[in-house]
Amino acid sequence: MKIDAIDEKSILVELSKEDLSKNDVTFEQLDYSNEKTRKLVRLILEKVRLETGRCVSDCGSLEVDVMPDSFGGCLMIFKEKTEKREKMEKLSAFFTDEINDVIDLSRKFKKSGSMIEKNELYRFDRTFVLFAFNVSNAQSAVLNEFLEPLFLSEAKLLSLKEAGECLIKSKALQKLSQ
C-alpha cells in the first residue's frame, strides 16, 4: 500500500493485487455495502492517519473514487467534502415487475398528499425501477408496501440508470397518479 497526499483535502492510495488479496477482496467486489470493503477502508484510513497525521475520516463527509490499475490492484482517491449534507440529494431505488404496482403507489401518494417531489421511472427488460430523491422515512414505508427496495450504492444506482430505458424522466409518480 502506497499513500500520497495530493493536496490538503485529497489522498491517493495505491493498493497492489497483493494488498487486495491480503484483505480477501477484489476490485470487482469493492462496494461500501460489503463488510470486507468497509474493513479495508477503515484499515486504509488508519494507515493514512499513522503515516500522515491526517484524520481523513473525521471530516464528516468523504468521497472515494476507485479505479483499477493494470496490475490487478487499484487506485483509491479519498476526498474530504466540506459541503453541507442537506444540499446533497439522496438517491433511492425501488423495483417491481408490474407497472400497476407503480400506478397504485402513485395514487396512494396523491391521496395521502405526501408525494415524493423528484422521481423518475425506468425499465430494464420486464422490470420497472423507480428512482426517488430525498425520500423521507414515511415515504419509504409507503414505497416498501408496493415496491421492493434496491440496496445498491449511489454510484451503482447511477450506473444502473444509464443502462435502463427512461420511461418518465421527471415527476413520474405525479404523472401516473392522474
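Being a predicted model, the structure only gives us computed values, none of them experimental.
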Visitor: Does a side-chain N-to-carboxylate-O contact under 4.0 Å join Lys108 and Glu145?
Guide: yes

Visitor: Hey, is Lys39 close enough to Glu46 for a salt bridge, meaning N to O under 4.0 Å?
Guide: no

Visitor: Between CG of Leu91 and CG of Leu157, what distance do you get to the nearest 0.5 Å?
Guide: 5.0 Å

Visitor: Hey, are the side chains of Leu43 and Asn23 touching, using non-hydrogen atoms and a 4.5 Å cut-off?
Guide: yes

Visitor: Among the clusters formed by ILVMFWY side chains lying less than 4.5 Å apart, do Phe133 and Leu121 turn up in the same one?
Guide: no

Visitor: Closest approach of Arg123 and Phe128, non-hydrogen atoms and distance?
Guide: CD-CE2, 3.8 Å

Visitor: Test your reading of the model: is there a side-chain donor-acceptor pair from Gln174 to the backbone of Lys118, 3.5 Å cut-off?
Guide: no

Visitor: Enter the distance from Leu30:CG to Arg38:CZ here, rounded to the nearest 0.5 Å.
Guide: 13.0 Å

Visitor: So does Ser33 get a backbone contact from the side chain of Thr37, meaning a donor-acceptor N/O pair under 3.5 Å?
Guide: no

Visitor: Under 4.5 Å between any side-chain heavy atoms of Glu14 and Phe71, yes or no?
Guide: no

Visitor: Just by distance, do the side chain of Ser177 and the backbone of Arg107 share a donor-acceptor pair under 3.5 Å?
Guide: no

Visitor: Any chance you could lay out the side chain to side chain contact (heavy atoms under 4.5 Å, CB included) test for Val129 and Phe124, step after step, and finish with the verdict?
Guide: CA-CA 8 Å; Val129 178; Phe124 301 85; 3.5 Å; yes

Visitor: Could you walk me through whether Leu147 and Asp101 pass the side chain to side chain contact (heavy atoms under 4.5 Å, CB included) check?
Guide: CA-CA 7 Å; Leu147 310 176; Asp101 292 342; 3.9 Å; yes

Visitor: Can a donor-acceptor pair be found, under 3.5 Å and without considering hydrogens, that links the side chain of Asp19 to the backbone of Met1?
Guide: yes

Visitor: For the side chain of Glu162 and the backbone of Ser159, is there at least one donor-acceptor N/O pair under 3.5 Å apart?
Guide: no

Visitor: Any chance NZ of Lys17 has more than 12 other-residue heavy atoms, nucleotides or ligands included, within less than 6.0 Å?
Guide: no

Visitor: Measure the spacing between CG of Asp69 and SG of Cys74 and express it to the nearest 0.5 Å.
Guide: 7.0 Å

Visitor: Looking only at non-hydrogen atoms, find the nearest pair between Lys36 and Asp24 and report the distance.
Guide: NZ-OD2, 2.6 Å

Visitor: Mind checking the CG-CD1 spacing from Leu167 to Ile99? Nearest 0.5 Å is all I need.
Guide: 6.5 Å

Visitor: Got a second to check how far Glu120's CD is from Ser170's OG, nearest 0.5 Å?
Guide: 7.5 Å

Visitor: Report the C-alpha separation of Asn134 and Gln139 in whole Å, then their side-chain angles, then the decisive distance to 0.1 Å, and conclude whether the side-chain hydrogen bond (donor to acceptor under 3.5 Å, both in side chains) test is met.
Guide: CA-CA 10 Å; Asn134 302 323; Gln139 291 168 329; over 6 Å; no

Visitor: Would Phe95 and Leu143 show up in the same hydrophobic cluster when neighbours are defined by side-chain heavy atoms closer than 4.5 Å?
Guide: no

Visitor: Before giving the answer on side chain to side chain contact (heavy atoms under 4.5 Å, CB included), spell out for Phe94 and Val102 the whole-Å C-alpha distance, their side-chain angles and the decisive distance to 0.1 Å.
Guide: CA-CA 10 Å; Phe94 300 82; Val102 182; over 6 Å; no

Visitor: How far does CG of Asp65 sit from CE of Met76, to the nearest 0.5 angstrom?
Guide: 9.5 Å

Visitor: One pair to check against side chain to side chain contact (heavy atoms under 4.5 Å, CB included): Phe146 and Thr96. What are the steps and the verdict?
Guide: CA-CA 8 Å; Phe146 293 88; Thr96 183; over 6 Å; no

Visitor: Any side-chain donor paired with an acceptor under 3.5 Å for Ser10 and Asp7?
Guide: yes

Visitor: Where do Met115 and Lys110 come nearest, in terms of heavy atoms and distance?
Guide: CE-N, 3.8 Å

Visitor: Keeping the roles fixed (side chain from Asn119, backbone from Leu173), state whether a donor-acceptor pair exists under 3.5 Å.
Guide: yes

Visitor: Can Ile116 be reached from Ile168 by stepping across I, L, V, M, F, W or Y side chains whose heavy atoms are under 4.5 Å apart?
Guide: yes

Visitor: Does Lys161 make a cation-pi contact with Phe131 (under 6.0 Å, within 45 degrees of the axis)?
Guide: yes

Visitor: Salt bridge check: are Lys79 and Glu63 linked by an N-O gap of less than 4.0 Å?
Guide: yes

Visitor: Is there a side-chain contact between Val13 and Ile11 (heavy atoms, below 4.5 Å)?
Guide: yes

Visitor: How close do Met67 and Ile77 get, counting heavy atoms only, and between which atoms?
Guide: CE-CD1, 3.9 Å

Visitor: On a heavy-atom basis, which atom in Ser153 and which in Asp31 lie closest, and how many Å separate them?
Guide: CB-OD1, 3.9 Å

Visitor: May I ask you to decide whether Lys47 forms a salt bridge with Glu51, counting only side-chain N to carboxylate O separations under 4.0 Å?
Guide: yes

Visitor: Hydrophobic clusters here meaning ILVMFWY residues chained together by side-chain heavy-atom distances under 4.5 Å, can you tell me if Phe27 and Leu75 are in one?
Guide: no

Visitor: Any side-chain to backbone donor/acceptor pair from Ser21 onto Glu18? Under 3.5 Å, distance only.
Guide: no

Visitor: Hydrophobic cluster membership, with links at side-chain heavy-atom distances under 4.5 Å among I/L/V/M/F/W/Y: are Leu160 and Leu130 in one?
Guide: no

Visitor: Could you tell me whether Glu165 atom CD has more than 12 heavy atoms of other residues or ligands within 6.0 Å of it?
Guide: yes

Visitor: Quick test of your reading of the model: are Arg126 and Asp97 salt-bridged, counting only N-O distances below 4.0 Å?
Guide: no

